[in-house]
Amino acid sequence: MRLLVSGGGTGGHIYPALALIEAIKQQQPDTEVLYVGTKKGLESKIVPNAGIPFKTIEIQGFKRSLSFENFKTVYLFLKSVEDSKKIIREFNPDVVIGTGGYVCGSVVYAASRLKVKTIIHEQNSVAGVTNKFLSHFVDKIGICFDDVASEFPAKKVVFTGNPRAQQVAKMKKSGRLKEYHLDPKRPTVLIFGGSRGALGINRASLAAIKKFKGQPYQVLFVTGRVHYDEIMKDPLAKDLPENVVIEPYIADMPSILPEITVIVGRAGATSLAEITALGIPAILIPSPYVTHDHQTKNAQSLVNKEAALMIKESGLNAETLFDNIQVMLADPKKQAQMAQNAKKAGVPDAADRLIKVINELLEG
Ligand SMILES: CC(=O)N[C@H]1[C@@H](OP(=O)(O)OP(=O)(O)OC[C@H]2O[C@@H](n3ccc(=O)[nH]c3=O)[C@H](O)[C@@H]2O)O[C@H](CO)[C@@H](O)[C@@H]1O
């Protein structure tokens, strides 16, 4: 099979694509893959590092108000559709898959104009702007939350779950925490604010560091690459307690997740797919800065199943962060129940489900 994938901007759109590619290559080793992203998005680092052929186009998102920038955006969109067509003609894919982010808008649209088979994957409980636009042109739409189905043409929608879940579900404890100078035998709290880090979570975590001192658990606090230097300059990050480690980014998150006792983080859809794939108790702090507040909706779906706790960003500070961690760590019964509930919400065969959609589309 010749597979062209596009999705980017943030990790939440990139890692599902990489997980899908990994699963397809396992099942159909002669598959040829090309990934199309932008230079500016995280994909320009993550995808070549994963050894996947990568090409870029130039694109930018629309501003909400009428502005000169929007004319530039329209120009860039039309140009990027032409550039995408060139790449598609050269690569000659059997199918083009978009996993979200502005970049896949141009690529998948161009593919549909060239009559190439197309699929989009929507990770969230609220449809992204790009996927909503593309839903009129594509053949199939893979979703991860039932709620989002009503936003798309019904006959195209298939519930697949997020392929990243399958990649993570098969991971076992491997002692990798040692690489971060942590003890794999000690309960571990992982704090991170999605793929780019989150200022609010970073501030509260920084202010909570002194409280973590002497606790029976250890804390791996991941700041996000762009925030790391600033955090490390802060006096609160000096003389860290022996049980706190600060890192800018975890390149191979699936390898450490099985060793994590509790996750504190945003409620990005791909993070939630990982949490539910393994059944990790979580304290979720949804980003209030995303379209239609979709992270609150993502998080609420787990809270309703008693699979996670939620703190609103407006109520987040060192005390609420620390107190929620204490409550969770002090109650193994609650942890186990939450883990079980989370796992029930997981879709550990999501990549296989999406591959089935691809195969059926190609056969049909
Ligand atoms: C601000 C924003 O627009 N966020 C969106 C973005 O979030 P974001 O890109 O943060 O996505 P998610 O939280 O869903 O996923 C983050 C991904 O990055 C990985 N990771 C994170 C930190 C790290 O150090 N190493 C690492 O590998 C996680 O394991 C996970 O696979 O895409 C998600 C999926 O469409 C949406 O639900 C989010 O609302």
Side-chain angles (χ1 to χ4, degrees), residues 7-20 22 37 41-43 45-47 49-50 61 98-104 120-132 142-145 147-148 161-169 171 176 180 190-202 220-228 245-258 260 263-278 280 282 284-302 308 313 350:
T10 69
H13 298 305
I14 303 162
Y15 289 115
L18 296 191
L20 173 70
E22 185 185 283
L42 288 183
E43 65 274 18
K45 206 172 182 141
I46 296 172
V47 177
N49 278 348
T99 56
Y102 298 123
V103 64
C104 80
I120 49 173
H121 183 260
E122 173 56 70
Q123 296 90 37
N124 288 285
S125 54
V126 178
V129 182
T130 307
N131 278 347
K132 204 133 189 196
I143 61 166
C144 306
F145 290 87
D147 294 2
V148 81
N162 187 321
R164 177 74 160 183
Q166 185 163 330
Q167 191 178 41
V168 166
M171 300 307 289
R176 288 285 292 273
Y180 299 96
L190 168 67
I191 307 180
F192 74 106
S195 58
R196 291 181 175 271
L199 209 57
I201 294 180
N202 285 351
L220 175 54
F221 168 25
V222 183
T223 62
R225 286 192 208 279
V226 288
H227 303 288
Y228 183 73
V245 167
I246 308 183
E247 286 287 326
Y249 194 77
I250 307 292
D252 188 4
M253 193 64 106
S255 72
I256 69 157
L257 285 177
I260 300 302
I263 282 184
V264 178
R266 286 291 192 220
T270 298
S271 292
L272 297 197
E274 294 166 352
I275 287 167
T276 55
L278 288 167
I280 305 175
L284 303 174
I285 306 140
S287 168
Y289 313 110
V290 296
T291 331
H292 302 309
D293 201 18
H294 67 251
Q295 286 203 2
T296 301
K297 218 174 156 199
N298 289 349
Q300 195 62 52
S301 73
L302 286 196
E313 173 105 339

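Computation of the quantities below employed the complete heavy-atom set of this structure, encompassing side-chain atoms and omitting hydrogens, waters and symmetry-equivalent molecules. Every number for a ligand or one of its atoms is a count from 1 in the order of the listing.
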Quiz item: Do the non-hydrogen side-chain atoms of Leu190 and Ile280 ever get within less than 4.5 Å of each other?
Solution: no

Quiz item: So, do Thr223 and Glu247 sit near enough that their side-chain heavy atoms are less than 4.5 Å apart?
Solution: no

Quiz item: Around ligand 1, what residues show up once you keep those with a heavy atom under 4.0 Å from it?
Solution: Thr10, Gly11, Gly12, His13, Tyr15, Gln123, Asn124, Arg164, Phe192, Gly194, Ser195, Val222, Tyr249, Ile250, Met253, Gly268, Ala269, Thr270, Ser271, Glu274, Val290, His294, Gln295, Asn298

Exercise. Check step by step if side-chain contact (heavy atoms from CB on, under 4.5 Å) holds for Asn162 and Glu274.
Key: CA-CA 9 Å; Asn162 187 321; Glu274 294 166 352; over 6 Å; no

Practice problem: Report the residues that fulfil side chain to side chain contact (heavy atoms under 4.5 Å, CB included) with Glu22, sequence neighbours left out, ordered by chain and then residue number. | Solution: Gln26, Gln167, Lys170

Self-check item: Check: Asn298 and Leu284 side chains under 4.5 Å, non-hydrogen atoms
Solution: no

Self-check item: Student check: side-chain heavy atoms of Phe192 and Ile263 closer than 4.5 Å
Solution: yes

